[in-house]
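Structure first, commentary second.
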Amino acid sequence: MSFGKGHHLHLIDGSAFIFRAYHALPPLTRKSDGLPIGAVAGFCNMLFRYVEDNKQGDAPTHAAVIFDHSAKTFRNAIYPAYKANRPELPEDLRPQFPLTRQATRAFNIACIEAEGYEADDIIATLACRARAAGGTVTILSSDKDLMQLVGDGVEMLDPMKNRRIGPEEVFEKFGVAPDRVIDVQALSGDSVDNVPGAPGIGMKTAALLIQEYGDLETLLARAGEISQPKRRAALQDNAELIRISRRLVALDCAMPLEVTLDSLEVHPPQPEAVLSFLNAMEFRSLTTRVAASLKVAAPPMEAARGAEVTGAHDAPEAAPSLPFDTAAYECVRDAAALERWIAAIRERGVVAVDTETTSLDEMRAELVGISLCVQAGTACYIPLGHRQGGGDLFGSSALTEGQMPVAQALALLKPVLEDDAILKIGQNMKYDAKILARLGISVAPIDDTMLMSYAMHAGLNSHGMDALSDQYLGHQPIAIKPLLGSGKSAVTFDRVPIDQAVAYAAEDADITLRLWELFKPQLHRAHVTTVYETLERPLVPVLAQMEMAGIQVDRDTLSRMSNAFAQKMAGLEAEIHDMAGEKFNVGSPKQLGEILFDKMSLPGGEKGKTGAYATGADVLEDLATEHELPGRVLDWRQLSKLKSTYTDALQDHINPETGRVHTSYSLTGAVTGRLASTDPNLQNIPVRSEEGRRIREAFVAPKGRRLVSLDYSQIELRILAHVADIPALKQAFREGQDIHAMTASEMFNVPLDQMTPDIRRQAKAINFGVIYGISGFGLARNLRIPRSAAQGFIDRYFERFPGIKGYMDDTVAFAKANGFVQTLFGRKIHTPEINARGPGAGFAKRAAINAPIQGTAADVIRRAMVRMPAAIAGIDAKMLLQVHDELLFEVAEDAVDTLIPIAREVMETACDPAVHLSVRLTVEAGHGANWAEAH
DNA sequence: GGGCTCACG
DNA sequence: GACGTACGTGAGCCCG
């Protein structure tokens with residue numbers, strides 16, 4: 001049957017896939033001969049994902065991958081400068097092109113290119129033919145040049161964002177329907193492809209003109225009617241150039257092409273062809289995954305046994321030698337069985353441990369079972385707290401039969417878990433260590449696969465077990481969701497039948513052990529062993545202690561404040577409704593936007609991409625000069641935030657047993673090395689506004705004790721002064737000057753004794769801007785000054801402190817060359833987007849500039865925290881919280897004066913002896929009955 | 001569940 | 001000429 005109605009054709013933009021793959025991955029080479037294969041590796045991964053994704057659902061009946069053939073096309077005959085300003089291809093990319101064609105055929109997908117034509121023309125021609133035959137077409141690409149083809153059975157799919165692009169999306173981008181896209185492109189031109197267009201006319205203007213005149217020829221014919229002289233001239237003087245531009249951007253829908261649609265019919269990959277290709281490329285992990293998907297055995301690696309794709313995080317040793325077999329896992333039900341496992345652990349000296357509990361909140365979770373793994377494939381699960389389903393009215397029910405008493409199991413395990421000679425491996429061991437600590441077992445020594453992954457690959461991928469297993473072992477772990485259910489019918493792990501729990505839990509321990517075996521040697525090769533050993537692993541027990549200690553929060557104080565906020569909010573709400581002349585939900589940005597900009601017609605209403613008006617604080621502040629309502633909304637919002645997020649939600653986090661709030665710190669939550677605090681987040685308790693600051697009065701010390709706060713003074717600016725080597729900044733710090741005032745004086749030629757708060761404020765904003773990878777736009781917005789003035793400030797700053805620009809350029813260059821940046825202590829932060837094009841490039845650059853500074857500061861306080869417990873061991877004091885540059889302690893009243901100098905010394909000398917800063921770090925201290933007083 | 005808004009360093 | 005921009009986080013609310 002030939003292609004026609006009911007058939008669906010996928011046209012894949014192969015060249016875009018290649019470039020995306022090339023820039024997304026580090027420069028990998030084939031181990032056996034050094035052949036560059038990074039783009040091929042990424043390309044194959046994308047193809048595999050494409051094949052997997054299209055197994056079900058609205059799968060295409062026909063498909064092809066389209067490539068560009070060569071740089072010269074018929075368009076060069078029309079306009080020689082077409083695409084003339086394209087940068088040279090990277091030299092390690094060109095040799096990969098033929099391999100991507102081979103890869104496509106290996107996956108049994110048709111592969112098309114044609115001399116003298118661009119891939120886009122082939123796509124256009126095939127799309128037109130398919131449409132004429134009555135079929136439908138999806139073009140897998142996000143290239144705007146293809147958008148002219150959309151409509152009437154043809155749509156695009158952005159494979160990266162998984163976003164459908166139909167006529168509406170095209171209109172959103174170009175301001176005209178798909179059939180007029182080339183008119184707009186002809187007018188606006190394209191700097192990337194070197195399409196000239198009309199000088200002085202951009203996309204916005206072009207769309208406006210086409211909307212008004214209907215099409216390009218009419219517009220050119222009636223150009224004389226345009227009232228703006230510049231526009232009129234641009235069109236009249238360049239009519240020919242515009243017509244040429246139109247021929248350049250118009251795709252050829254009827255090029256000669258021997259391929260028939262029928263020959264593009266979809267066939268599943270032939271295992272032998274695809275596996276032998278992947279094997280020849282030495283993609284071990286992908287070979288395994290593809291083999292698993294095709295349900296055949298992976299071929300043995302031939303060329304390079306034990307080979308490694310250098311720099312690859314999709315490393316070949318990821319291939320599991322042993323398949324996962326849940327049936328082989330043992331359920332341990334009595335002491336005799338557990339003793340056999342303990343003997344095996346003692347013999348090996350290493351064990352992966354995982355606990356199953358009733359909650360993600362370690363302070364409330366009840367132990368349900370423990371799994372152990374001593375070598376890949378050899379794992380067990382010890383059920384301890386499983387209960388019969390159902391339960392009575394009160395939810396309680398009897399323990400399932402065939403489980404050891406918890407006390408007996410723990411008594412047997414405790415000596416092993418606490419044995420110095422036995423390494424306990426976990427994935428996020430802080431969680432399990434806390435569960436076991438509450439049961440009287442202090443687990444040590446430990447290794448943690450999540451932290452190993454973080455030390456090696458921060459910025460590259462996430463570090464959860466499912467992701468790691470999939471990525472490095474080519475294995476999808478059993479999902480927890482089907483076991484627990486979701487929504488109202490969700491149950492806790494103790495209700496999971498034991499046989500299912502065995503498979504799930506033992507597999508987790510098995511995966512953890514396999515990941516550890518894989519990561520352990522890699523740490524060294526990635527040169528992050530020291531980072532892992534000094535900044536990650538030793539922090540686990542320190543954070544566990546802090547989290548378990550918790551901080552006392554006074555419920556009555558919060559409750560009183562909450563009531564006061566509610567009253568004020570009610571008053572403001574009435575005022576706001578009055579001014580608006582109607583009742584509406586003040587908390588709804590959508591409704592507020594409509595009131596402000598539609599009903600009241602205030603100026604400056606701008607709709608975002610979702611079509612809603614922006615009503616952020618910056619917008620409302622600008623409007624406050626026009627009307628009183630926006631100011632009231634700002635006040636209301638502040639109170640609403642304080643009430644819902646702090647005075648109310650915080651009360652729910654007070655643990656009923658301890659009466660304290662126990663946050664949880666994530667060691668891998670921020671790519672830069674900072675910690676992140678969750679459930680609740682105690683790193684964003686208000687302090688900047690006077691009203692918010694009072695929330696901190698609810699964070700108290702118990703009777704007879706005090707809260708002590710120690711924080712680093714200007715740590716990031718000091719680190720900047722050191723790494724960028726800025727003599728003026730260093731000297732100012734050495735002399736204990738006000739750093740922002742000094743900057744202001746230097747920049748604006750104002751003597752220090754004549755400094756005004758406003759000038760200092762501007763300098764402060766610039767200092768912070770520098771740390772963030774400053775841009776004229778960003779500074780302008782922050783200071784609410786014209787962009788030109790902001791740019792002037794920045795130029796002047798770079799002039800006065802020449803090392804800064806050098807540091808920024810060097811950092812970005814390093815990131816581009818290496819794919820990561822580093823802190824002074826060797827922490828790596830990967831920057832995979834740094835070589836990308838488009839707006840993402842700006843983000844990546846600024847992040848790369850900021851990361852070494854923010855990351856070094858994070859390393860410094862981590863070092864201080866690791867050393868703190870030993871330093872304050874003799875003092876009646878506990879470290880409770882970390883807020884990036886601050887440590888908060890709870891201390892016996894009479895020990896405050898002892899603690900402060902000792903803790904300060906630890907913090908100020910935290911860099912020693914690994915790094916010698918040319919600027920000394922200083923720490924400010926305070927104490928009080930509550931956090932507001934202490935800070 | 002995504003987007004908006006806003007709290008912190 | 002046009003585009004989009006300060007860095008790093010987490011949480012609560014609205015709304016489809």
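Each chain gets a letter, A, B and so on, in the order the sequences are listed, and its residues count up from 1. Because the structure is a prediction, the values reported are computed rather than measured. Computed from heavy atoms alone, side chains included, the values below leave out hydrogens, waters and symmetry copies.
- Side chain of A/Tyr712 to main chain of A/His884: no donor-acceptor pair is present (N/O by atom type, distance under 3.5 Å, no hydrogens or angles).
- Counting any heavy atom pair closer than 4.0 Å across all strands shown, A/Ile771 reaches no nucleic acid atom.
- Inter-residue side-chain proximity for A/Val586 and A/Met569 is flagged as unmet; no heavy-atom pair is nearer than 4.5 Å.
- Nearest-nucleotide mapping onto DNA chain C: of A/Gly776 and A/His884, the residue sitting toward the 5' end is A/Gly776.
- Taking only distance into account, the side chain of A/Lys641 meets the base of B/dC6 through a donor-acceptor pair shorter than 3.5 Å.
- Here the separation of C/dT5 from B/dC4, taken at their P atoms, is 12 Å to the nearest Å.
- Nucleotide C/dA2: unpaired (no Watson-Crick or G-U wobble partner with both distances less than 3.5 Å).
- Across all strands, A/Gly587 comes closer than 4.0 Å only to sugar-phosphate atoms, never to a base (heavy-atom distances).
- Between A/Gln591 atom CD and C/dC15 atom P the separation is 5 Å, expressed in whole Å.
- Within the 4.5 Å cutoff, the side chain of A/His722 has no heavy atoms near those of the A/Thr856 side chain.
- For the pair A/Arg674 CZ and C/dT9 P, the computed distance is 9 Å after rounding to whole Å.
- At a threshold of 4.0 angstrom between heavy atoms, the contacts of A/Ala198 with the nucleic acid are absent.
- A/Leu682 places none of its side-chain heavy atoms less than 4.5 Å from the side chain of A/Val883.
- With distances taken from any side-chain atom of A/Ser775 to the nucleotides C/dT9, B/dG9, C/dT5, the minimum falls on C/dT5.
- Per the geometry, CG belonging to A/Leu187 stands 14 Å off C1' belonging to C/dG1, to the nearest Å.
- Side chain A/Arg781 to base C/dG4: no donor-acceptor pair is found below 3.5 Å.
- In this structure, the nucleotide among C/dA6, C/dT5, C/dC7 sitting nearest to the side chain of A/Ile774 is C/dA6.
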